[in-house]
*Asks:* 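My questions will all concern the structure given below.
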Amino acid sequence: MMAVEEAYKGVECGDGRPFGAVVVCKDEIVVTCHNMVSKHTDPTAHAEVTAIREACKKLNQVELSDCEMYASCEPCSMCFGAIQFSKIKRVVYGAKAEAAIAVGISTVISNALRDTGFYKKGNVEVKKLDGDGAILAEQVFKNTKAKFT
């Protein structure tokens with residue numbers, strides 16, 4: 001999973017925590033990004049938000065309604081809001097937020113993402129990976145903990 005590779009890359013180069021995201025449009029990769037919070041000293045530079053920003057620039061458009069996002073971890077509330085505003089049609093993620101929380105990364109899980117809140121997901125299809133992809137995504141946090149704590 002390319003998003004997991006990005007998560008490792010971000011930690012290795014010191015840009016941020018172990019999160020990665022990939023935006024795909026019509027079966028072609030538009031961008032691959034990782035968390036850039038440390039590099040940019042910007043608490044909003046999460047992998048998903050960075051990927052949305054870069055995809056919009058590259059495609060020269062504000063809406064990404066023809067695009068899908070693959071994320072190494074379940075998006076936080078801020079990222080899910082950005083996903084909704086960009087109109088990405090589908091999000092596939094590897095690890096549940098609890099995997100990040102278990103190693104000391106605080107995150108706010110979106111009620112809308114889990115479809116438990118008053119405001120529902122709208123037009124965003126959300127899917128969690130199963131099997132090996134999910135296991136690899138969850139291992140990122142354990143494997144990199146010493147480098148980001």
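Heavy-atom basis, side chains included; hydrogens, waters and symmetry copies ignored. These numbers were taken from a predicted model, which means no experiment stands behind them.
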*Asks:* With sequence neighbours excluded, what pairs up with N143 under the side-chain hydrogen bond (donor to acceptor under 3.5 Å, both in side chains) test?
*Replies:*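 Residues passing side-chain hydrogen bond (donor to acceptor under 3.5 Å, both in side chains) with N143: Y8.
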*Asks:* Residues two or more places apart in sequence or in another chain: which of them pass ring pair (Phe, Tyr, Trp, His ring centres under 6.0 Å) with Y70?
*Replies:* none
*Asks:* Can you tell me how far apart CD1 (I83) and SG (C67) are? Round to the nearest 0.5 Å.
*Replies:* 12.0 Å
*Asks:* Output all residues satisfying side-chain contact (heavy atoms from CB on, under 4.5 Å) with A21, sequence neighbours left out; order by chain, then residue number.
*Replies:*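 Only A47, E48, A51, M69 meet the side-chain contact (heavy atoms from CB on, under 4.5 Å) criterion with A21.
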*Asks:* Does F141 form a ring-ring contact (aromatic ring centres under 6.0 Å, His included) with F19? I'd like the steps, not just the answer.
*Replies:* CA-CA 9 Å; F141 299 105; F19 297 92; 5.4 Å; yes
*Asks:* For residues 23-31, which side-chain N or O atoms pair as donor and acceptor with protein atoms under 3.5 Å away, sequence neighbours left out?
*Replies:*
none

*Asks:* Side chains of residues 33-42: which donor-acceptor partners sit under 3.5 Å, not counting sequence neighbours?
*Replies:*
residue, atom, partner, partner atom, Å
H34, ND1, E6, OE1, 2.7
H34, NE2, D15, OD2, 2.7
N35, OD1, R17, N, 3.3
N35, OD1, V37, N, 3.1
D42, OD1, T44, N, 2.8
D42, OD1, T44, OG1, 2.6
D42, OD2, T44, OG1, 3.2

*Asks:* Could you list the residues that satisfy side-chain hydrogen bond (donor to acceptor under 3.5 Å, both in side chains) with S65, not counting sequence neighbours?
*Replies:* none
*Asks:* Just verifying a value: how many Å separate E74 CD and L129 CG, rounded to the nearest 0.5 Å?
*Replies:*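 Nearest 0.5 Å value for the CD-CG distance: 12.0 Å.
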*Asks:* Given the rule in the side chain to side chain contact (heavy atoms under 4.5 Å, CB included) test, do F80 and V124 qualify, once you have shown the distances and angles that lead to the verdict?
*Replies:* CA-CA 10 Å; F80 191 63; V124 180; 4.1 Å; yes
*Asks:* Any idea which heavy atoms bring A137 and S72 closest together, and the distance?
*Replies:*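 Closest approach of A137 to S72, heavy atoms only: CB-O, 3.3 Å.
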*Asks:* Decide yes or no on side chain to side chain contact (heavy atoms under 4.5 Å, CB included) for E68 and E125, but give the supporting numbers first.
*Replies:* CA-CA 9 Å; E68 299 178 345; E125 176 190 345; over 6 Å; no
*Asks:* Only counting residues at least two apart or in another chain, list the ones meeting side-chain hydrogen bond (donor to acceptor under 3.5 Å, both in side chains) with E12.
*Replies:* K147
*Asks:* With clusters built from Ile, Leu, Val, Met, Phe, Trp and Tyr whose side-chain heavy atoms come within less than 4.5 Å, directly or transitively, what are the remaining members of the cluster of M78, listed by chain and number?
*Replies:*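 Members alongside M78: V49.
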*Asks:* Could you pull out all residues at least two apart from E5 that satisfy salt bridge (Lys or Arg N to Asp or Glu O under 4.0 Å)?
*Replies:*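 Not a single residue meets the salt bridge (Lys or Arg N to Asp or Glu O under 4.0 Å) criterion with E5.
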*Asks:* What residues, two or more places apart in sequence or in another chain, satisfy salt bridge (Lys or Arg N to Asp or Glu O under 4.0 Å) together with E63?
*Replies:* none
*Asks:* Would you say L59 ends up clustered with I88 if hydrophobic residues are merged whenever their side chains have heavy atoms under 4.5 Å apart, either directly or through other cluster members?
*Replies:*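 Hydrophobic grouping puts I88 with L59.
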*Asks:* Partners of E138 by side-chain hydrogen bond (donor to acceptor under 3.5 Å, both in side chains), sequence neighbours excluded?
*Replies:* none
*Asks:* If you compare all heavy atoms of V140 against all heavy atoms of P18, which two are closest, and at what distance to 0.1 Å?
*Replies:*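 Of all heavy-atom pairs spanning V140 and P18, the closest is CG1-CB, 3.3 Å.
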*Asks:* Measure the shortest side-chain to side-chain distance between C56 and Q61 over non-hydrogen atoms and say whether it is less than 4.5 angstrom.
*Replies:*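 No, too far: nothing below the 4.5 Å cut-off.
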*Asks:* Quick one: pull up CD1 in I52 and NZ in K87 and give me the separation to the nearest 0.5 Å.
*Replies:*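 Going from CD1 on I52 over to NZ on K87, the span is 12.5 Å.
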*Asks:* When you look at NZ of K128, are more than 12 heavy atoms from neighbouring residues, nucleotides or ligands closer to it than 6.0 Å?
*Replies:*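 Yes, because the 6.0 Å sphere around NZ of K128 holds more than 12 heavy atoms from other groups.
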